Amino acid sequence: MSDSDTDSPENASLRTPIVAVLGHVDHGKTSLLDQIRGSAVIEGEAGAITQHIGATAVPLDVISAIAGDLVDPDDFDLPGLLFIDTPGHHSFTTLRSRGGNLADIAILVVDVNDGFQPQTIEALDILQRSQTPFIVAANKIDTVPGWNPTDDAPIKPTYDKQSDRVRGDLDERLYEIIGELSDEGFSADLYWRVQHFQRNIGVVPVSAMTGEGVPDLLTVMMGLSQRYMREEMEIDVAGPGVGTVLEVKDEKGFGATVDIVLYDGTIRTDDTIVVGGTTEPIVTDVRALLQPRPLAEIRTESRFERVEQVDAAAGIKVAAPDLADAMAGAPVRVVRDRDIDDVIEEVEAELAEIAVETEEQGVVVKADTLGSLEAMADACGEAEIPIVRAEVGDVAPRDISVASTAEDTKQQVILGFNVDVLDDAAERAEIDDVRLFTDDVIYQLVEGYEDFVEELERAQQ
Ligand code: GDP
């Protein structure tokens, strides 16, 4: 502990850094998260793993147990790492917090055999724009010829410092990744030489299947967080909670609930909260804070267990009246001793920051979350595609009605990012001749639409 800590206010505390996992589809994001959770469960037998909704907390002592000699708990005062459970860049862009991204740090997963793919580049772009520090996990090293699972030494690419050459297949692939990062404007290096976090990106070779390299990855994440992020992690634990909605979900016995990540302060049962809604901020009282019950205890009872209070950073399910209109990606704020109108204003201001400007004429854009809606609007702006209506949610019949009234055929269109098309909407679209484009990669969605416009213009000539 440094001297400055003694000057901190009484309730000052350090929260857990929030980690997001990004990367191209099938490169191993889910497997990596499972591997981390799996190792954490094994190491944290005595219930050291806090159950969360939407996020998994891996405490420092568990990281230390996984990482062995690599992490000495005495060198750290951050409490551990909180991994957001839903991987992928659309969930990452969702995860807004006041003035930036919710994730403090990210893992970009790259399959060593497959290298950089469209979603890798898209994720890089998002990370760069949001200025989120990240580590590259070069995954699936177990599939590389010459990999020797019996070798119990920690994986270290056999970089020959003297001749400045790399040897072996794995090394070659790792250096390919480094080369690709450089092409994208990043300076990259293999992990043991990560010294200047602001400038260099660490590349950690891992296997999400065997777990090899995972201790190294956790070590690097923990070390970088402690060294470069400690100050940003200082919060007032007793302060009114501030968080972001991950998902709005109906739960049996509770009605509409929101899964949130709390990144500041605390939330308590009976707190009044303000939540960003599709039309206006929702003011409601917390009825229950719910954590998942350990698997062994689940019988006929609810899957959830009630808790009275949760401190940041944590994932939690909030049950409260009137949450049906809550919006994924929207802010949540506890009112507590403050003026309710001030809190509503804060929520409105945050929402306005992510609002999308619309035109008189244009296409309809739907997206799964506020953050992804904003990303879509940016992409449409760049491609000079005007938007008449932009909303969070699945494609519904009323979206078709709006699109069908466009004067221009190329605007009788719906662009849906990471959303479903409701059955009756699909039927309506066919009848009204509205074109539906859906994808979970933004630029593919935009390209698909541009191809359609090109074809249309060619046909009209
Ligand atoms: P995601 O789409 O990025 O979440 O990727 P998944 O975690 O679903 O993994 C995609 C596929 O790759 C699955 O069949 C995994 O079993 C496999 N996979 C993931 N990580 C590894 C790894 O380290 N080694 C090997 N051999 N296969 C892996």
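Since the model is a prediction, treat every value here as computed from it, not as a measurement. Both ligands and their constituent atoms are indexed starting at 1 by order of listing.
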Thinking salt bridges, do Arg15 and Glu232 make one under a 4.0 Å N-O criterion? no

Give, for atom CE of Met233 and atom CG of Asp104, the distance between the pair rounded to the nearest 0.5 Å. 3.5 Å

Tell me which protein heavy atom sits closest to atom 24 (N) of ligand 1, plus the residue, atom name and distance to 0.1 Å. Asp142 OD1, 2.7 Å

Would you check whether Met209 has a nitrogen or oxygen atom less than 3.5 angstrom from a nitrogen or oxygen atom of ligand 1? yes

Do side-chain atoms of Lys317 reach the backbone of Ile53 as a donor and acceptor pair under 3.5 angstrom? no

Identity and distance of the protein heavy atom lying nearest atom 5 (O) of ligand 1: Gly28 N, 3.1 Å

Please tell me if atom 3 (O) of ligand 1 is touched by the protein, where touching means a protein heavy-atom distance below 4.0 Å. yes

Quick note on ligand 1: atoms under 4.0 Å from a heavy atom of Thr143 include exactly 26 (N)

Test side-chain contact (heavy atoms from CB on, under 4.5 Å) applied to Met222 and Asp75, Leu70, Val58, Leu78, the passing residue: Leu78

Quick one: which ligand 1 atoms are inside 4.0 Å of a heavy atom on Ser31? 6 (P), 7 (O), 9 (O), 15 (C), 19 (C), 20 (N)

Per side-chain contact (heavy atoms from CB on, under 4.5 Å), Leu33 is matched among Val19, Ile84, Thr56, Val21 by Val21

For His24, the ligand 1 atoms with a heavy-atom partner under 4.0 Å come out as 3 (O)

Is the shortest distance from a Lys or Arg side-chain nitrogen in Asp114 or Lys140 to a carboxylate oxygen in the other one below 4.0 Å? no

Ion pair Arg230/Asp77, N-O distance below 4.0 Å: yes

Nearest protein heavy atom with distance in Å, relative to atom 20 (N) of ligand 1: Asn139 ND2, 3.1 Å

Would you tell me which option among Lys140, His27, Gln119 has the nearest heavy-atom contact to atom 11 (C) of ligand 1? Lys140

As an exercise, identify every atom of ligand 1 less than 4.0 angstrom from a heavy atom of Ala208. 20 (N), 22 (C), 23 (O)

What do you reckon, does Asp26 have a nitrogen or oxygen under 3.5 Å from a nitrogen or oxygen of ligand 1? yes

Would you check if the side chain of Ser64 reaches a backbone N or O of Asp72 as a donor-acceptor pair within less than 3.5 Å? no

Counting only non-hydrogen atoms of the protein, does one fall under 4.0 Å from atom 28 (C) of ligand 1? yes

